[in-house]
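Presented below is the structure to which this report refers.
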Amino acid sequence: MSYLVLARKYRPPTFKEVVGQEHVTVPLKNALKSGKIAHAYLFTGTRGVGKTTVARILAKALNCESSDKPVVEPCNKCTSCVQIAQGSSMDVLEIDGASYTSVDNIREIRDTLTYRPARGRYRIYIIDEVHMLSTAAFNALLKMLEEPPPHVIFIFATTEPHRIPKTVLSRVQRYDFKTIPIELIADALKKIVKKEKLDASEDVIWLVARKGQGSLRDAISYMDQVVAAGHTKDLKKAALILGAFDRNDLLDMVEAVIRRDARAALDVFYRLRTQSYDVRQFLWELLDIFRNLVVAKLTERPEDHVIGTKEEVERIRSLVKGCSIEELKELYRQANTSTSEVLYSLDPLLSLEMLVVRLASRQPAVALEELFERLNRIREKLSSAQPAGPMLPVSGTERSLFDAPQPEAEPAPKASTKGGGDVCGELLRHLKAVHPDVYSFVENLKWDRAGDRGPLVVYAPKEMLGLLRRSADVLNRAAEKVAGAGARVEIREEAEAPAQAQPKRSREGRPEKDQLVRQALDIFDADIVDIKRRKR
Ligand SMILES: [Zn+2]
């Protein structure tokens, strides 16, 4: 017996078995039931979501011989149904718009329109990738759509509906297919695995489902590959042949990110990088995990909402224990807003690496409850310190309130010489504008410059040195921009950094000795960060 690939074997034969497109199949079935059949349909949606499959089911239902009129579900047994399934029906013509684009091709169709169907009720033309037709071909098509013979039905399918002329769109009944949710794909795969009596582990099924990225057909083809290689029970090997990411590694990386352990996060990232170069898939899965974390934190029963294996649900459940919802939402937001920056950068893999570092070295978020608590404490202190007098002016203090417990000034360099410090600050501002990804991981490092003409020096922890050196070009270009031709950035290990320079406030007198200042510091639980002279 020859082996029929799963993708062909499990093409759904009825509307009922089409996965995730009920918003299309239910109205179509209703139309078949009531006999309100349009003469032209347009199916839109990304590849592999079931457009041509539904077109064939519709063709079978229209011509099914199990009844003397169109049926709601094809019988798949009569000669007409069998011929359509085999692609040998004289009444159903499948045309590939991509290779059949010219006006002459469409005229050939026009010349056949008057023929009566060979055995069925309708002659049905299924034109796939219809957006590929030339303008002249569309015009010829339009003429046919204006006055179609009653026995002719067109079914168009396209991944790019915006490329179809409005005049054509206004003459078709349009159905937009959705990408299929990952859990539905996983369910469909589980059914196939069961029917085929395959021994597949759950994590491999989910790996395949995710790799399909919303296309059931693609997912089933990937399943075919895994079955052929005999890796249905081995997640690591299955991931390797599909060029997919090992979900457990991704979860390890996210765990390190949550711990703010940039070094560990990078270690796992480098492991993931050997599994696949698919940056888009990486981001997609990363967002998926962050989404799971947010939902798990918010709901009483994470198992109802977290999409993934039972083991993943358990892991997610334990991961969110030590995190606030603000923190998790912020992780999702940062990753989400960085996707286009990563995908469209000159080196997406490098940008992705930076994103991981940025996420893992983020500042702690302050929970809203904690902020309210702090505000309440301040209110109490204010009322006890100033029982009858006017309110203290508070302008300028909000910043330290909301940044506590780690108040942080603007990205000013922690430099030892004033001239060098200015240049370092300028370099950081320049980087922020032209290379936000590089900026994000050098902004908090110690910067220095030996004298007015020496190289700019950045001190970094050992594990970040490799990353920085790979960005040396960017840093040097920025240095030349702010310090003139030939200027360079030297990358040194943190341990070599000279002792911290004296804080600025020593040069500005001792404001904390002032009674009013002390009172203000006490009331606001504040710290002196910077001193600015008031302009008069
Ligand atoms: Zn039939």
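Small disclaimer: the values here were computed from a predicted structure and weren't measured. Counting starts at 1 for both ligands and their atoms, following the listed order. These numbers come from the heavy atoms of this one structure, side chains and all, not from hydrogens, waters or symmetry mates.
- Each protein N/O/S atom under 2.8 Å from the Zn ion (ligand 1) was counted, for a total of 4.
- Using a 3.5 Å distance cut-off with no hydrogens or angles, the side chains of Glu17 and Thr14 do pair a donor with an acceptor.
- Between Arg247 and Asp288 there is a salt bridge, with a side-chain nitrogen of the basic residue lying less than 4.0 Å from a carboxylate oxygen of the acidic one.
- In this structure, Phe43 and Tyr41 have tilted ring planes: the angle between them lies in the 30° to 60° band.
- With sequence neighbours excluded, the residues satisfying salt bridge (Lys or Arg N to Asp or Glu O under 4.0 Å) with Asp104 are Arg107.
- When atom types are taken as modelled, the side chain of Thr101 and the backbone of Met132 share no donor-acceptor pair closer than 3.5 angstrom.
- Ion pairing between Glu327 and Lys297 fails under the 4.0 Å rule for side-chain N and carboxylate O.
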